[in-house]
Amino acid sequence: MNVRRRGSAAVLAAAAVIGAAAPAVAADPSPSASASTPAALFGKGDPQFDGVWRQSLALLAQEAVGVIPSPKAVDWLTGQQCANGAFAPFRADPAKACDAKTMVDTNQTAAAVQALWAVGGRGDVVEDALTWLKSVQNKDGGWGYSAGGPSDANSTSLVIGALAATDTDPAKVTKGGKSPYDALLTFALPCAKDGGAFAFQPDKDGKLLPNADATAAGVLASLGKGLVTEPGAKAAAPSCAGDGKPDRERAAANGAAYLTSAMAEGGHLTSALGGSPDQPDYGNTADAVVALAARGGAEQAAEPLAWLKKNGGDWAEQKGPAAYAQLVFAAHATGSDPRDFGGTDLVEGLNATGPAPQGMKVGDSAAASDRAADENENENSKDDDSGFGVWWFVGVCLVFGIGIGFLLSGRNKKRQP
């Protein structure tokens with residue numbers, strides 16, 4: 001859904017107050033689910049390969065914007081965990097125990113850890129998942145997609161993010177004296193030849209080749225960040241320097257320089273599949289925006305962010321919850337408004353792909369309402385001849401919001417390491 005603002009600004013401001021303060025009580029607006037797609041799951045597509053992934057990203061994005069997710073959506077995710085702590089992409093029958101044929105993986109598990117830690121109250125599930133991840137750490141300190149598979153930059157970065165998000169120092173999670181950062185830096189490429197990019201993993205000939213997706217993940221992980229991050233401190237434009245083995249700070253700067261160069265011409269990353277012409281790569285561009293902003297502030301990501309705001313809404317509408325979540329992460333990392341991301345309300349779009357959320361957190365609701373009022377103040381004076389009536393309505397809504405806020409304020413997170 002490409003949601004755009006319409007109608008009187010004053011009425012929108014009032015509506016924002018109601019929507020932000022009150023828990024959802026309307027019928028569940030989630031899309032009708034097929035026999036293979038549970039109603040508690042975000043998205044309508046076959047979840048066989050990405051059910052836990054897209055659910056995790058959706059819940060994490062909702063938490064980032066102050067949305068209280070549906071309990072049944074959280075329960076569905078926790079129900080996908082195997083007894084050993086790992087997560088598979090999709091278990092059609094959670095009551096059936098996992099066995100050797102259950103295809104668990106580190107990526108879905110690391111994403112689930114970040115989501116369940118963020119929503120709170122699932123400390124035992126998170127602890128079990130972390131225990132499993134630590135148990136399948138490779139001797140080089142990293143992780144592959146599957147347990148025991150060769151380490152790659154993306155999987156290692158995701159697990160670093162899960163560790164960091166749960167207040168676990170990745171540098172202290174070692175195997176054979178090697179930490180995840182040791183493994184990650186083996187994928188960092190020299191400046192002179194490869195522009196400071198990260199490789200995914202060695203190809204069949206043992207060569208490391210630049211990979212934009214791995215670079216975005218590697219920059220974020222080098223900074224010790226998870227999928228959701230605040231804008232970093234302002235820094236000078238990234239530059240690639242040195243051709244020896246970099247430390248984490250230099251690897252992040254080199255990778256950021258590579259991404260900046262790769263997006264310099266069109267403002268976005270590109271991809272080509274099956275020999276087809278290069279196409280805009282929306283997902284990796286969103287990841288690059290997060291990485292650049294995390295390292296050097298929102299200004300570092302200004303050009304690709306502008307491109308995403310112009311083009312990302314239609315992409316997310318087509319691709320579904322994980323795409324909406326990636327754009328929410330980009331908005332969050334740059335301090336942008338996810339409810340007006342180039343005219344698209346990412347929050348409404350995301351919520352529409354899954355079960356109805358409980359409501360909004362009070363602090364986030366107030367901030368959203370204040371923003372809406374500030375942005376539309378001039379329009380309000382023009383669009384409504386009866387200002388008293390409109391603002392009286394807004395005042396009533398604010399009082400209503402405060403009342404609901406006291407009801408919701410008792411919700412506390414249970415966080416366990």
Side-chain angles (χ1 to χ4, degrees), residues 20 56-69 110-111 113-120 157-171 181 184 215-238 248-249 251-253 255-256 259-260 283-306 308-309 312 322 324-342 346-347 350 360-368 370-371 374 413 415 417:
S56 299
L57 264 62
L59 295 176
L60 196 54
Q62 285 187 325
E63 173 67 22
V65 297
V67 171
I68 303 173
V113 164
Q114 295 188 54
L116 293 173
W117 178 269
V119 301
S157 295
L158 276 169
V159 179
I160 287 174
L163 294 170
T166 55
D167 299 330
T168 304
D169 184 356
Y181 292 128
L184 181 65
T215 302
V219 169
L220 204 57
S222 295
L223 298 170
K225 304 291 186 181
L227 292 169
V228 176
T229 181
E230 305 290 335
K234 291 183 179 180
R248 287 169 48 201
E249 182 179 357
L259 293 172
T260 300
N284 284 342
T285 300
D287 293 344
V289 165
V290 175
L292 291 176
R295 184 204 162 266
E299 294 82 358
Q300 301 280 320
E303 187 175 352
L305 177 65
L308 273 181
K309 287 183 176 181
Y324 275 115
Q326 285 181 279
L327 294 182
V328 168
F329 299 157
H332 189 80
T334 57
S336 303
D337 185 357
R339 292 190 175 275
D340 184 12
F341 194 78
L346 300 177
V347 181
L350 173 62
M360 290 287 295
K361 294 181 181 179
V362 177
D364 298 274
S365 303
D370 289 344
R371 263 199 318 270
D374 290 342
K413 294 182 180 179
R415 297 186 181 272

Q: Report yes if some heavy atom in the side chain of F341 is under 4.5 Å from a heavy atom in the side chain of V328; otherwise report no.
A: no

Q) Got Q114 and V228 here, is their nearest side-chain heavy-atom distance under 4.5 Å? A) no

Q: Decide yes or no for W117 and D167: does some side-chain heavy atom of the first lie under 4.5 Å from some side-chain heavy atom of the second?
A: yes

Q) How far apart are the closest heavy atoms of L327 and A286, and which atoms are they? A) CD2-CB, 4.4 Å

Q | Contact check, side chains of F329 and L57, non-hydrogen atoms, under 4.5 Å | A | yes

Q | Point-to-point distance, once rounded to the nearest 0.5 Å, from CG of L184 to OG of S157 | A | 4.5 Å

Q) Between T166, V159, L163, L158, which is the residue that forms a side chain to side chain contact (heavy atoms under 4.5 Å, CB included) with V113? A) T166

Q: State, to 0.1 Å, how close L59 and P69 come at their nearest heavy-atom pair, and which atoms those are.
A: CD2-CB, 3.6 Å

Q) Are the side chains of N284 and D287 in touch, meaning some heavy atoms are under 4.5 Å apart? A) yes

Q) Who pairs with T260 by side chain to side chain contact (heavy atoms under 4.5 Å, CB included), at least two apart in sequence or on another chain? A) P238, L292

Q) When rounded to the nearest 0.5 angstrom, what distance separates CD in Q326 from CG in L346? A) 12.0 Å

Q. Considering residues at least two apart in sequence or located in another chain, which fulfil the side chain to side chain donor-acceptor pair (under 3.5 Å) criterion with Q300?
A. none

**Q.** Which atom of V219 lies closest to which atom of A256, heavy atoms considered
**A.** CG2-N, 3.6 Å

Q) Roughly how far apart are T334 OG1 and E230 CD, rounded to 0.5 Å? A) 10.5 Å

Q.
Ignoring hydrogens, what is the shortest heavy-atom contact between L259 and A291? Give both atom names and the distance.
A. CD1-CB, 4.3 Å

**Q.** Any side-chain heavy-atom pair of M360 and I68 under 4.5 Å
**A.** no

**Q.** Exercise: identify the closest heavy-atom pair between L227 and L220
**A.** CA-CD2, 4.4 Å

Q: Quick one: closest heavy-atom pair of T285 and P304, and the distance?
A: CG2-CB, 4.1 Å

Q) How would you list, by chain and number, every residue that makes a side chain to side chain donor-acceptor pair (under 3.5 Å) with E249, sequence neighbours excluded? A) none

Q: Could you grab the distance from atom NZ of K225 to atom CZ of R295, nearest 0.5 Å is fine?
A: 13.0 Å

Q: For residues P231 and H332, determine if any side-chain heavy atom of one lies less than 4.5 Å from a side-chain heavy atom of the other.
A: no

Q. Has the side chain of T168 got a donor or acceptor atom that lies under 3.5 Å from a matching backbone atom of A164?
A. no

